[in-house]
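Written out below as structure tokens is the structure these notes cover.
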There are 2 protein chains.
Amino acid sequence: MKIRRVPDVVIRRLPLYLRVLDEIDTDLSPIISSQELGERSGVTSGQIRKDLSFFGVFGKQGVGYSTVTLRAELRRILSLHQEIYVGLVGVGNLGQAFIRYGVSQSKKALPNEGLRMVAAFDRDERKIGQQVAGVPIYSVQHLPGIIEKLRISIIILTVPATAAQAMFDRCVESGVKAFLNFAPVKLAIPEGIRVHHADVTLELESLAYYS
Amino acid sequence: MKIRRVPDVVIRRLPLYLRVLDEIDTDLSPIISSQELGERSGVTSGQIRKDLSFFGVFGKQGVGYSTVTLRAELRRILSLHQEIYVGLVGVGNLGQAFIRYGVSQSKKALPNEGLRMVAAFDRDERKIGQQVAGVPIYSVQHLPGIIEKLRISIIILTVPATAAQAMFDRCVESGVKAFLNFAPVKLAIPEGIRVHHADVTLELESLAYYS
DNA sequence: TAGATTGTTAATCGATTAACAATC
DNA sequence: TAGATTGTTAATCGATTAACAATC
């Protein structure tokens, strides 16, 4: 029941707060102030209170926030209270690394906040049918069916630049609305679809300015 | 000779423009308008003109920009007209993937804009002395010396979260001013040091909101 | 010259910060 | 109650967009 659209900058800070809360022993610290949460996440206390106010009232004046409650609320806001199924397209070096990375993360005490990598896709016949860290590799031809069947709602794109738009389009047609794109291309993105870019080359090139 | 500090959002758009110019055949298109550059990089024409105005005057009124000249100017602004040496700390799955990725990129016709991965560092004795895609792996103990000797000015951090701050500090002491950090931690960053974060977990968690 | 497009200024928009009344 | 801290409003800051004079 959002009253007005929440700015993306706000959404992007929520996982930061959640991470701090996950690191906290809730028995030792049942309550946290916006002040302390701010210091530990690198955000001002006022900003945290402003951010949270987009979603409701979670604190007690004069007291602070219940660590357990705030954590649960943040999870709910981000939809991380339920399992979110993640797929990956393009099982090259980078793709394999992320599969292993994602799986190793979820073996931690804290189960990586409900995100679960359940399928990978590739074009290469030799890879299809194999597994990487327990995640099965399917043919991109079967992508629509598998996405639907496994209820995949986020796709990590680690295909070569030349294949990115086509694979992206196919995922969109299959109903995926959220993407993390590592391919160094500007995708044509339809209304209502969310793409976060993680373009290592662009990052390095802008860093060169500061080096 | 910067008159005023250039906003980071502006710096981050420059590689985007550069990429478009790299894709253009400068013989076929010796001139480009801010209009067309905008369409191809996903930015408004006014914004492009505004961005460029931070650095000087590069176009001709009534005509447009010389593709060759603008490309050269952007490279110079970003320091990509010279070789920029990049190092990587943490040769795990992700680290190896980036080494291979970086190397394959620089084999393209366009030599990845002057960025060159020249060294990797790890703690694991078994990895030290080996190579990944031709890039030698050194001990983190020798990091300061190698960074100085090879003139490394950008570091990619792909170490586990627990090691990130210590490795970061060591690089800073060795004179590195620009970092691309993949470790899921909030680093304590000294004045004058630039860190771009590429935190896949945070990206996925915020994407969950839109899924 | 007439038409086109830049460089730049002014207006708008949106996000952050400051401040404080409400209230636990 | 007195002290603390939230939730929220108003002020500030900075970035984007609109618009147009300058000029090629």
Side-chain angles (χ1 to χ4, degrees), chain A residues 1-17 20-21 24 29-74 77 186 206 209, chain B residues 1-17 20-21 24 29-74 77 186 206 209:
Chain A
M1 214 179 304
K2 276 160 266 167
I3 299 165
R4 47 177 293 212
R5 209 188 155 280
V6 181
D8 184 54
V9 279
V10 173
I11 300 299
R12 283 173 167 276
R13 278 192 294 264
L14 302 184
L16 226 56
Y17 308 153
V20 171
L21 290 168
I24 281 177
S29 311
I31 300 289
I32 192 168
S33 66
S34 59
Q35 176 73 36
E36 194 190 338
L37 183 52
E39 276 161 20
R40 304 194 37 171
S41 54
V43 172
T44 63
S45 61
Q47 181 131 74
I48 287 179
R49 297 200 299 279
K50 190 86 206 291
D51 286 354
L52 296 177
S53 75
F54 279 100
F55 305 98
V57 167
F58 304 113
K60 266 205 178 65
Q61 276 146 323
V63 181
Y65 301 88
S66 154
T67 47
V68 171
T69 306
L70 187 54
R71 195 159 76 184
E73 291 287 358
L74 287 173
I77 292 164
K186 176 170 140 31
S206 60
Y209 178 82
Chain B
M1 211 180 305
K2 275 160 266 165
I3 300 166
R4 46 177 294 213
R5 210 186 153 282
V6 181
D8 184 53
V9 278
V10 174
I11 300 299
R12 283 173 169 276
R13 277 191 294 263
L14 302 185
L16 226 56
Y17 308 153
V20 171
L21 290 168
I24 281 176
S29 312
I31 301 289
I32 192 169
S33 66
S34 59
Q35 176 73 35
E36 193 189 339
L37 184 52
E39 276 161 20
R40 302 194 37 168
S41 55
V43 172
T44 62
S45 62
Q47 181 132 71
I48 288 180
R49 297 200 300 278
K50 189 89 205 292
D51 286 353
L52 296 177
S53 76
F54 280 100
F55 304 98
V57 167
F58 304 113
K60 267 203 178 68
Q61 276 146 324
V63 182
Y65 300 89
S66 153
T67 47
V68 171
T69 307
L70 187 55
R71 194 160 77 183
E73 291 289 358
L74 286 172
I77 291 164
K186 176 172 139 32
S206 59
Y209 178 82

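Quantities reported herein were computed from a predicted structural model and do not represent experimental measurements. By convention in this document, chain letters (A, B, ...) are assigned in the order of the sequence lines, proteins followed by strands, and residues within each chain are numbered from 1.
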Along DNA chain C (nearest heavy atom to each residue), the more 5'-positioned of B:G56 and A:G46:
B:G56
Using a cut-off of 4.0 Å on non-hydrogen atoms, how would the nucleic acid contact of B:G59 be classed: base, sugar-phosphate, or nothing?
sugar-phosphate
Can you measure A:I11 atom CD1 to C:dA15 atom P for me and round it to whole angstrom units?
12 Å
To the side chain of A:S34, which of C:dT6, C:dT8, D:dT6 is closest?
D:dT6
If you check the B:T44 side chain, which of D:dT17, D:dT16, C:dA15 turns out closest?
D:dT17
B:S45 or A:K60, whichever maps to the more 5' nucleotide of DNA chain C:
B:S45
Nearest-nucleotide pick for A:Q61, side chain only, options being C:dT17, D:dG7, D:dT17
D:dG7
Taking atom C1' of D:dT6 as reference, at what distance in whole Å does atom CG of A:L70 sit?
13 Å
Between C1' on C:dG3 and CD on B:Q35, what's the gap in Å once rounded to a whole number?
15 Å
Examine D:dT6: is either OP1 or OP2 under 4.0 Å from a nitrogen or oxygen in the side chain of A:R49? Give yes or no.
yes
For the side chain of A:K50, counting heavy atoms from C-beta on, which of D:dT6, D:dT16, D:dT8 is nearest?
D:dT8
Would you check if A:I77 and A:V6 make a side-chain contact, meaning some heavy-atom pair closer than 4.5 Å?
no
Flag the pair A:V10 / A:F55 as yes when at least one side-chain heavy-atom distance between them is below 4.5 Å, and no otherwise.
yes
I want to check something: taking the side chain as every heavy atom from C-beta on, are B:R40 and B:I24 in contact at a cut-off of under 4.5 Å?
yes
For D:dT23, which nucleotide is its Watson-Crick or G-U wobble mate, given both distances must be under 3.5 Å?
C:dA4
Nucleotide nearest B:V63 (side chain, heavy atoms from C-beta), chosen from D:dT8, C:dT17, D:dC24
D:dC24
Are any non-hydrogen side-chain atoms of B:D51 and B:Q47 less than 4.5 angstrom apart?
yes
Over how many whole Å does the gap from B:R12 atom CZ to D:dT16 atom C1' extend?
18 Å
Could you tell me the Watson-Crick or G-U partner of C:dG14, where both distances fall under 3.5 Å? Say none if there is no partner.
D:dC13
Could you tell me how far apart A:I48 (CD1) and C:dT16 (C1') are, to the nearest whole angstrom?
13 Å
C:dT16 OP1/OP2 closer than 4.0 Å to side-chain N/O of A:R13
yes
State, with a plain yes or no, whether a side-chain heavy atom of A:L37 is found less than 4.5 Å away from one of A:Y65.
no
Here the distance between atom C1' of D:dT6 and atom CG of A:L37, to the nearest Å, is 13 Å
For C:dT17, does either OP1 or OP2 sit under 4.0 Å from a side-chain N or O belonging to A:Q47?
yes
Rounded off to whole Å, could you give me the CD-to-C1' distance for the B:E73 and C:dG7 pair?
16 Å
Is there a donor-acceptor pair under 3.5 Å between the side chain of A:S34 and the backbone N or O of A:I48?
no
Value in whole Å for how far the P atom of D:dG14 lies from CZ of B:F54
12 Å
Side-chain N or O of B:Y65 less than 4.0 angstrom from OP1 or OP2 on C:dG7?
yes
